[in-house]
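Note: hydrogens, waters and symmetry copies are ignored here, and every other heavy atom, side chains too, is used. In what follows, chains carry the letters A, B, and so on, assigned in the order in which the sequence lines appear, proteins first and then strands, with residues in each chain numbered from 1. All of these numbers come straight from a predicted model, not from anything done at the bench.
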2 protein chains.
Amino acid sequence: MTQTPERLTKGERTRRRILHTALEIFAERGYAGVSLREVASRAGITHAGLLHYFTGKDDLLLTMMIERDRAEIEAIRSYVAAGTGPSSVEQIIVRWMIRDIARNQSRPDIAPLFVKLSTEATESGHPAYDYFRGRYIRLRETLARGFAYEFAAAEPPVEGRDPGLCAQQFIALADGLQVQWLLDPESTDMVASLLDYLGILGIDAEGWADIAVPEDRSA
Amino acid sequence: MTQTPERLTKGERTRRRILHTALEIFAERGYAGVSLREVASRAGITHAGLLHYFTGKDDLLLTMMIERDRAEIEAIRSYVAAGTGPSSVEQIIVRWMIRDIARNQSRPDIAPLFVKLSTEATESGHPAYDYFRGRYIRLRETLARGFAYEFAAAEPPVEGRDPGLCAQQFIALADGLQVQWLLDPESTDMVASLLDYLGILGIDAEGWADIAVPEDRSA
DNA sequence: GTCTATATAATGATAGAC
DNA sequence: GTCTATCATTATATAGAC
């Protein structure tokens, strides 16, 4: 389905290396505070070389975000397709997010990026404003269906809670915990906090952080 | 206790105007993405004029944050002192935060600033890293005592919940909701969401957004 | 595919006039 | 108390060599 790295052209490999590096640096220091020269340098080329692949800084940012989203969505789909039980996205999305945050807590990757960029992008006119707006809306919808499923599947079933509101709260909680965790990792257990929230709702999420999921194969 | 604006020296008035303007612009577009020239220009002076009052950009940021904190703490203290009932900070801090967010939702002010800057400052080495780290720790402690009070005061009293964990969740929720609200104000009711969370915990927070509190008198 | 060289603009900061 | 003038640095972006 996808080519193995060895069979990629040199250009394609460079392009991916740039995207990977950009993700790393933007995750560390946001968008406005990072220069193309630095991204390029850490990717082993000059900034002029980088601009051979992307028309500019905005293009790099948005390409990176969209590419990353695509990979995430594909990972979820393939997990569902190969799943041992769950046969739709809403049946695994809440667990997926828990597992995702658990993984990020032990090996930070994309989460700090999203939190930093999403706040930075809240100013209308920011190159990623539309992207993030749409992303949050879609995520909230998907997660709302996930909560509706979990409420029905819970033992006993959860009554009287609005899945949309819970989706909103869950996302907010995850984002906000990320900030506290980045500032003070020792005193912030994101997974425990999220599982506790699910517990308050009446969802027994014991062990959700440990569900087996195929790892990302991207560099 | 404080001098009236008319009696301030010209320099002091300018200094305050700069701080006020900086807060506005940093709240809009973060720290890294804003230039001193822009702050100065919107404050009606040149950037060299601004640097007469602050040693540099970092100094402006930190002075602004600390000054703002001081005003907030004083406001809480004076509310408690003049209070009709509650006689300590922990008895009103949860309600205060709800009211504060309600006010910010109708007239955005300082909240977008804190969310944007706090994420930006999560990188160690950022000029405001230490400040935000300390601020979150203090806020969490204060709020934990607040939750302990509310749990005991609830009807019926709330048992078996960790006030510290709730404080962490409440702050995370407030921060995260702010992001969603900034991106999509129509579909995000921060106050309703927070009151719902308190409701899940067993705290009846009906009307907490409307408690009367003396307004800030600062420009 | 990546480089050097360069154009152009903006930044944080300083010195010193007024 | 605020300005103009200027500096050194860095930025994004382009043109064209190799």
Side-chain angles (χ1 to χ4, degrees), chain A residues 3 5-23 25-26 28-65 117 120-121 123 125-128 219, chain B residues 3 5-26 28-65 117 120-121 123 125-129 219:
Chain A
Q3 287 186 305
E6 291 80 275
R7 290 194 60 103
L8 295 173
T9 64
K10 187 180 177 194
E12 185 55 23
R13 265 190 288 120
T14 305
R15 206 187 93 99
R16 295 195 182 192
R17 201 172 61 245
I18 293 168
L19 286 171
H20 185 254
T21 309
L23 186 132
I25 305 192
F26 287 151
E28 282 169 13
R29 305 214 313 280
Y31 177 69
V34 169
S35 73
L36 287 184
R37 281 180 157 81
E38 198 178 348
V39 176
S41 149
R42 226 149 98 176
I45 56 173
T46 64
H47 91 285
L50 187 156
L51 289 170
H52 172 67
Y53 296 94
F54 304 95
T55 65
K57 202 185 176 186
D58 293 2
D59 183 40
L60 173 61
L61 172 68
L62 286 175
T63 305
M64 185 194 77
M65 302 303 297
L117 286 185
E120 203 173 334
E123 176 72 359
H126 189 282
Chain B
Q3 287 185 306
E6 291 78 66
R7 290 196 59 106
L8 296 173
T9 63
K10 188 182 177 193
E12 187 55 23
R13 264 191 289 121
T14 305
R15 207 187 93 99
R16 296 197 181 193
R17 202 171 61 245
I18 293 169
L19 285 171
H20 184 254
T21 309
L23 185 133
E24 224 172 75
I25 306 194
F26 288 151
E28 283 169 13
R29 301 213 314 279
Y31 177 68
V34 168
S35 73
L36 287 182
R37 282 178 160 83
E38 196 178 349
V39 177
S41 150
R42 226 148 96 175
I45 57 173
T46 64
H47 90 285
L50 186 154
L51 288 170
H52 173 67
Y53 295 94
F54 305 93
T55 65
K57 202 185 177 187
D58 293 2
D59 183 42
L60 173 60
L61 173 67
L62 286 176
T63 306
M64 184 193 78
M65 301 303 297
L117 286 185
E120 205 173 333
E123 175 72 0
H126 189 282
Y129 175 83

In whole Å, what is the span from the NE2 atom of H52(A) to the C1' atom of dA13(D)? 15 Å
Looking at R7(B) and E12(B), is there a salt bridge between them, counting it only when a charged N and a carboxylate O are closer than 4.0 Å? no
From CD of E12(B) across to C1' of dT2(D) the rounded distance in Å is 16 Å
NE2 of H47(A) versus P of dG1(C): gap in Å, rounded? 19 Å
Test of understanding: with side chain to side chain donor-acceptor pair (under 3.5 Å), list the residues that count as partners of T63(B), not counting sequence neighbours. D59(B)
Using every non-hydrogen atom in the two residues, find where M65(B) and L117(B) come nearest and quote the distance to one decimal. SD-CD1, 3.7 Å
Closest nucleotide among dA5(C), dT2(D), dG1(C) to the Y53(B) side chain: dT2(D)
Taking the side chain of L51(B) as its heavy atoms from C-beta onward, which of dA5(C), dG1(D), dA13(C) lies nearest to it? dA13(C)
Rounded off to whole Å, could you give me the CG-to-C1' distance for the L8(A) and dG1(C) pair? 15 Å
Minimum heavy-atom separation for Y129(B) to A121(B), with atom names? CD1-O, 3.2 Å
Under 3.5 Å, which N/O atoms of the protein pair with N/O atoms of nucleotides 8-11 of chain D?
from, atom 1, to, atom 2, distance (Å)
dA11(D), OP1, S35(A), OG, 3.0

Taken to the nearest whole Å, CG/L60(B) to P/dT11(C) is 15 Å
Go through it in stages, so that I can follow the logic: the residues are E28(A) and R42(A), the test is salt bridge (charged side-chain N to carboxylate O under 4.0 Å, His left out), and I'd like the CA-CA distance, side-chain angles, deciding distance and then a yes or no. CA-CA 13 Å; E28(A) 282 169 13; R42(A) 226 149 98 176; 3.1 Å; yes
Please determine whether a side-chain nitrogen of the Lys or Arg among E120(B) and R29(A) lies less than 4.0 Å from a carboxylate oxygen of the Asp or Glu. no
Walking DNA chain D from its 5' end, the first of A48(A) and T14(B) to be reached, judged by nearest nucleotide, is T14(B)
Distance, rounded to the nearest Å, where L50(A) contributes CG and dT4(C) contributes P: 15 Å
